[in-house]
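Here's the structure, in structure tokens; my notes come after.
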There are 2 protein chains.
Amino acid sequence: MIQPRPRTIPEATVARLAVYLRVLTALADGGRSTVASGELAAAAGVNPAGLRKDLSHLGPCGVRGVGYEVATLHDRISRVLGVERSRACVLVGIGNLGTALSDYAGFGTRGFEFVGLFDAAPARVGRRIGGHTVRPMEELEEVVAATQACIGVITTPAEAAQAVCDRLAAAGVRSILNFAPVTLAAPPGVDVRKVDLSVELQVLAFMGQQRLVGEPA
Amino acid sequence: MIQPRPRTIPEATVARLAVYLRVLTALADGGRSTVASGELAAAAGVNPAGLRKDLSHLGPCGVRGVGYEVATLHDRISRVLGVERSRACVLVGIGNLGTALSDYAGFGTRGFEFVGLFDAAPARVGRRIGGHTVRPMEELEEVVAATQACIGVITTPAEAAQAVCDRLAAAGVRSILNFAPVTLAAPPGVDVRKVDLSVELQVLAFMGQQRLVGEPA
DNA sequence: AGCCGCTTGTGAACGCAGGAACAAAGTCGC
DNA sequence: GCGACTTTGTTCCTGCGTTCACAAGCGGCT
């Protein structure tokens with residue numbers, strides 16, 4: 001029993017697939033039925049050849065001489081990314097950033113559902129945000145077990161992040177998205193993805209100043 | 001006149017340098033005076049050899065047999081990244097995410113100063129956040145010119161992002177950090193960096209589900 | 001029906017980042 | 001003073017991601 005489609009899709013490709021999916025949604029709303037790789041690549045900001053190679057991981061899904069059917073391609077990518085299935089997520093740390101994420105409309109339409117918001121500060125417990133009530137940290141394990149949540153999002157201060165990570169992992173969460181500015185250590189089988197807003201700004205600023213010395217024109 | 005140090009530092013290295021800088025700050029606060037590459041790499045979550053290669057871009061800055069002097073290395077990285085100089089930033093779109101960013105303490109200590117907060121909604125104009133008052137969009141060009149702001153952060157809804165990007169670029173902003181879920185087109189000389197929270201979650205979820213089929217044990 | 005133009009899908013080459021291994025160098029102990 | 005140990009800085013190499021270029025295939029036109 002061979003596997004005609006290698007199960008390993010590069011991480012960079014997965015990230016771009018999510019972008020293509022969003023562009024396709026916009027095209028479908030605009031009434032377009034087909035789109036060529038060149039146009040789709042331009043809208044996504046990538047190279048046309050790279051886009052075709054990305055899509056080739058899903059098997060043939062275009063028509064030569066015509067392009068890609070918007071609806072079909074949208075469904076195909078949705079299925080591969082698992083957008084159709086609902087994923088239970090918990091969010092710990094309901095500060096400004098946590099509030100922003102829990103309210104963010106882009107998550108709900110992509111299969112992510114926040115089933116629990118947690119904060120250690122008693123003043124924040126009980127607040128209602130986007131249809132959910134902020135719970136105390138004591139209920140974390142209980143909610144994760146009850147909802148089978150598999151994704152945890154950490155938006156706590158840096159000092160609390162590692163402890164929260166440990167509790168999430170112990171409770172059964174398998175994937176963690178960390179916004180706290182620390183590098184987290186997680187047990188094997190749990191993978192952590194980090195988003196560091198400060199680092200993004202720093203890189204941007206460095207590239208800007210480097211461009212100034214490189215092209216003094 | 002040769003250049004003993006190649007001016008091109010890889011982008012991936014720059015991102016890690018920012019992480020090292022934060023770890024070094026924590027070590028200095030803890031009273032440590034020297035640190036070896038192994039320990040520093042563990043704290044930053046990278047390979048020791050990779051860390052040494054990153055630091056080699058700054059020229060020799062360690063002592064063989066001992067390690068790196070915390071204070072010296074901190075200063076060296078700070079100077080390369082340009083943390084010492086203050087950078088004026090403007091932020092457009094004061095929703096939940098914009099509010100979170102403008103309040104984020106991690107920026108001020110890294111040389112980034114928000115000199116203007118803007119929003120199109122009259123209801124938000126006039127609010128005071130973190131020592132600044134939200135201004136109407138009409139004042140954008142004026143403030144950018146007066147403050148020589150070189151960095152713009154976009155946290156508007158997707159529909160408004162491209163128009164804001166155009167106005168920022170026209171006003172003289174050279175670097176843009178985009179949180180809106182669209183791919184922006186900017187004129188040459190302006191570079192855009194995108195942070196897509198939805199994509200991050202999507203990649204995390206995909207890797208999680210892929211791991212399940214890969215290791216069914 | 002046959003030809004032509006357009007677009008996809010794939011194979012090859014290039015460049016880059018990451019990891020491992022090794023030589024240089026400095027310090028500590030004797 | 002000298003040897004051995006520790007740690008840095010560098011070099012090589014492997015693998016991955018990206019880009020270019022071309023053959024295969026499909027629709028439309030004559």
Side-chain angles (χ1 to χ4, degrees), chain A residues 4-20 24 27 32-70 72-74 76-77 80 183 194 199 203 206-207 210, chain B residues 4-20 24 27 32-70 72-73 76-77 80 183 199 203 206-207 210:
Chain A
R5 186 171 311 151
R7 278 297 174 195
T8 59
I9 297 182
E11 183 174 323
T13 293
V14 174
R16 284 188 295 264
L17 285 178
V19 176
Y20 305 155
L24 287 169
L27 286 174
R32 287 288 297 276
S33 60
T34 63
V35 64
S37 67
E39 187 182 357
L40 193 54
V46 301
N47 188 295
L51 180 139
R52 292 198 297 271
K53 190 178 281 283
D54 285 340
L55 295 183
S56 74
H57 286 106
L58 318 179
C61 47
V63 180
R64 298 175 189 236
V66 177
Y68 300 93
E69 196 176 351
V70 173
T72 305
L73 188 57
H74 184 282
R76 182 83 68 101
I77 296 178
V80 171
T183 304
K194 182 181 170 189
V199 167
V203 173
F206 179 83
M207 284 170 51
Q210 199 178 37
Chain B
R5 184 171 311 150
R7 278 296 174 195
T8 59
I9 298 181
E11 183 174 325
T13 294
V14 174
R16 284 189 294 265
L17 285 177
V19 176
Y20 304 154
L24 287 169
L27 285 174
R32 287 287 297 275
S33 60
T34 62
V35 64
S37 67
E39 188 181 358
L40 192 54
V46 300
N47 188 293
L51 181 139
R52 292 198 296 272
K53 183 176 295 195
D54 286 339
L55 295 183
S56 74
H57 286 106
L58 318 179
C61 46
V63 180
R64 298 174 190 238
V66 177
Y68 300 93
E69 195 177 352
V70 173
T72 304
L73 188 56
R76 181 83 69 101
I77 296 179
V80 170
T183 304
V199 168
V203 173
F206 179 83
M207 284 169 53
Q210 201 178 35

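Small disclaimer: the values here were computed from a predicted structure and weren't measured. Naming convention: chains lettered A, B, ... in sequence-line order (proteins, then strands); numbering from 1 in each chain.
- The two residues A:Asp54 and A:Thr13 come nearest to each other via the heavy atoms OD1-OG1, 2.9 Å.
- For the side chain to side chain contact (heavy atoms under 4.5 Å, CB included) test, residues two or more places apart in sequence or in another chain that qualify with A:Lys194 are A:Asn178, A:Thr183, A:Asp196, B:Val19, B:Arg22.
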Checklist outcome for this item: Letter by letter from the 5' end, nucleotides 17-24 of chain C scores (B base, S sugar-phosphate only, - none; protein heavy atoms under 4.0 Å) SBBBB--B

For residues 34-44 of chain A, tabulate all N or O donor-acceptor pairs below 3.5 Å that involve a side-chain atom, not counting sequence neighbours.
{"residue": "A:Ser37", "atom": "OG", "partner": "A:Arg52", "partner atom": "NH1", "Å": "3.1"}
{"residue": "A:Glu39", "atom": "OE1", "partner": "A:Arg32", "partner atom": "NH2", "Å": "2.9"}
{"residue": "A:Glu39", "atom": "OE2", "partner": "A:Arg32", "partner atom": "NH1", "Å": "2.9"}

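- Here the P atom of nucleotide C:dT7 and the CD atom of A:Glu39 are 11 Å apart, to the nearest Å.
- Going from atom CZ of B:Arg16 over to atom CD1 of B:Ile77 covers 12.0 Å, rounded to the nearest 0.5 Å.
- Within the 4.0 Å cut-off from OP1 or OP2 of C:dT7, not a single side-chain nitrogen or oxygen of A:Ser37 is found.
- If you measure from atom NE2 of A:His57 to atom C1' of C:dT8, you get 16 Å, rounded to the nearest angstrom.
- For A:Thr72, the side chain to side chain donor-acceptor pair (under 3.5 Å) criterion is met by A:Glu69, not counting sequence neighbours.
- Between A:Leu51 atom CG and C:dT7 atom P the separation is 14 Å, expressed in whole Å.
- The heavy-atom pair separating A:Tyr20 from A:Leu55 by the smallest distance is CD1-CD2, 4.3 Å.
- Here the OH-CG distance, from B:Tyr68 to B:Leu27, works out to 14.0 Å after rounding to the nearest 0.5 Å.
- When all heavy atoms of A:Ala15 and B:Val203 are compared, the closest pair comes out as CA-CG2, 3.7 Å.
- Taking a heavy-atom distance under 4.0 Å as the criterion, the stretch of DNA chain D touched by chain A extends 5' to 3' from D:dG17 to D:dG27.
- When each of B:Gly65 and B:Gly62 is assigned the nucleotide of DNA chain D bearing its nearest heavy atom, the one mapping closer to the 5' terminus is B:Gly65.
- The two residues B:Phe206 and A:Val80 make their nearest non-hydrogen contact at CE1-O, 3.4 Å.
- Residue B:Tyr68 contributes atom OH, which lies 14 Å from atom C1' of C:dG26 at whole-angstrom precision.
- Residues A:Gln210 and B:Thr8 approach most closely at NE2-CA, 3.7 Å, considering heavy atoms.
- Listed for the B:Arg76 side chain is no donor-acceptor partner under 3.5 Å among the backbone atoms of B:Cys61.
- Direction change of the helix axis from one end of the helix from C:dA1-D:dT30 to C:dC30-D:dG1 to the other is 0°, with five pairs defining each end axis (rounded to 10°).
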